[in-house]
Amino acid sequence: MTLDPFGARLRRAMDTRGPLCVGIDPHASLLAAWDLADDPAGLERFSRTVVEALADRVAVLKPQSAFFERFGSRGVAVLERTVADARAAGALVLMDAKRGDIGSTMAAYAATYLDPASPLFSDAVTVSPYLGFGSLRPAVELARACGTGIFALALTSNPEGAEVQRATGADGSTVAATVLGHLREENAGERPLGSFGAVVGATLGATVAEAGIDLDTGGPLLAPGIGAQGATPADLPAVFGSALRNVLPSVSRDVLRHGPDTAALRAAAERIADEVRTVVGD
């Protein structure tokens, strides 16, 4: 089966289910708060509960690969089931793996997450462009061929990111602006939304506009930082400006802390999605 381009599928999901991505981040502290053991069995119970509560109603679920990998092969097996079950229930899955390498190694990472034959096949994956955007070419090409997508780190919500992302090159452009420019080229001509997204923190306030950085790449903008990191949906317009409609806010702890009660998880996600809709508009 050939998938429609990821950007088109994401646009539909955001328009019908609301513009929200919920992270599946099984921190040890969250497992404890849910009265679950910090082991593969607890990991599976946690992940299954989140999928059962949310996969049939939120646009995107975003498992953080590291929290599964720390349990070795048993954790990766849970991740495989989580991805498959979430997609089967109708959610798009964004694998939060932040992979970045060169040549055949980057191609292998791309195949792991973007090849439909892979046990970890996801609708999109987060990637790091800091070996040069061209190093991501295997992922870009496979995503285009398979109807999947990538989200490249551009202006992240962690304060340490600025030392790299706001550094300037010989032409005076920041590294972040250069990454965004490459994404704009990849998305050229794609409608209604390109498949090559950027990660831009919701915590950045007016600093993006003040720096003159154009966030409108024609693709989606994953916006972490709402909730535990201090941002709210009301902060989105100041960060994203005219690109606001393409923003996919990402929330984890502000939803997951309401578990393991399924109804409470759903209510938390619906509340945040409604807040985002009010800001973004239909």
Side-chain angles (χ1 to χ4, degrees), residues 1-26 43-69 71 75-99 109-128 139-140 142-153 193-199 219-224 247-252 255-256 259 265-266 269 272-273:
M1 180 181 68
T2 301
L3 293 172
D4 288 342
F6 170 70
R9 294 188 291 121
L10 178 60
R11 178 81 273 162
R12 285 198 299 269
M14 291 170 66
D15 290 347
T16 57
R17 293 186 170 205
L20 184 65
C21 170
V22 177
I24 304 179
D25 296 358
L43 177 74
E44 182 159 25
R45 179 72 178 274
F46 180 96
S47 302
R48 182 181 296 139
T49 299
V50 176
V51 168
E52 289 176 353
L54 301 178
D56 65 346
R57 62 196 63 216
V58 302
V60 181
L61 287 177
K62 180 174 68 69
Q64 168 47 259
S65 180
F67 290 114
F68 295 82
E69 293 173 21
F71 292 109
V76 173
V78 173
L79 181 59
E80 291 176 5
R81 289 191 291 274
T82 299
V83 170
D85 291 348
R87 296 191 76 246
L92 298 178
V93 172
L94 168 57
M95 183 66 72
D96 196 357
K98 299 182 178 72
R99 300 302 194 222
Y109 281 138
T112 299
Y113 305 110
L114 303 177
D115 185 335
S118 170
L120 287 170
F121 175 61
S122 304
D123 297 283
V125 63
T126 56
V127 294
S128 174
V140 170
L142 187 60
R144 201 183 298 280
C146 295
T148 49
I150 65 169
F151 284 86
L153 304 176
L193 187 66
S195 298
F196 304 100
V199 181
L221 298 165
L222 182 71
V247 173
L248 177 65
S250 179
V251 180
S252 179
V255 171
L256 300 180
L265 287 166
R266 289 173 175 166
I272 297 171

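Residues take their numbers from the sequence shown, with the count starting at 1.
Take R266 and apply the salt bridge (charged side-chain N to carboxylate O under 4.0 Å, His left out) test, not counting sequence neighbours, and it matches no residue. Listed by chain and number, the residues in a side chain to side chain donor-acceptor pair (under 3.5 Å) with S252 are D25 (sequence neighbours excluded). Scored by the side-chain contact (heavy atoms from CB on, under 4.5 Å) test, S47 finds I24, L43, F68, V78, T82 as partners (sequence neighbours excluded). For the side chain to side chain donor-acceptor pair (under 3.5 Å) test, residues two or more places apart in sequence or in another chain that qualify with E44 are R48, R81. Judged as a side chain to side chain donor-acceptor pair (under 3.5 Å), and not counting sequence neighbours, the contacts of T126 are D96. Applying the ring-ring contact (aromatic ring centres under 6.0 Å, His included) rule to F67 yields the partners H27; only residues at least two apart in sequence or on another chain are considered. Listed by chain and residue number, D123 satisfy the side chain to side chain donor-acceptor pair (under 3.5 Å) test with R9 (two or more places apart in sequence, or in another chain). For F196, there are no ring-ring contact (aromatic ring centres under 6.0 Å, His included) partners at least two apart in sequence or on another chain. Listed by chain and number, the residues in a salt bridge (charged side-chain N to carboxylate O under 4.0 Å, His left out) with D115 amount to none (sequence neighbours excluded). The side-chain contact (heavy atoms from CB on, under 4.5 Å) check on A273 picks up L20, R277, with sequence neighbours excluded. Take E69 and apply the salt bridge (charged side-chain N to carboxylate O under 4.0 Å, His left out) test, not counting sequence neighbours, and it matches R99.
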*Could you walk me through whether L248 and C21 pass the side chain to side chain contact (heavy atoms under 4.5 Å, CB included) check?*
CA-CA 6 Å; L248 177 65; C21 170; 3.8 Å; yes

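Remark: side-chain polar atoms of S118 are paired, donor with acceptor, to backbone N or O of T112 under 3.5 angstrom.
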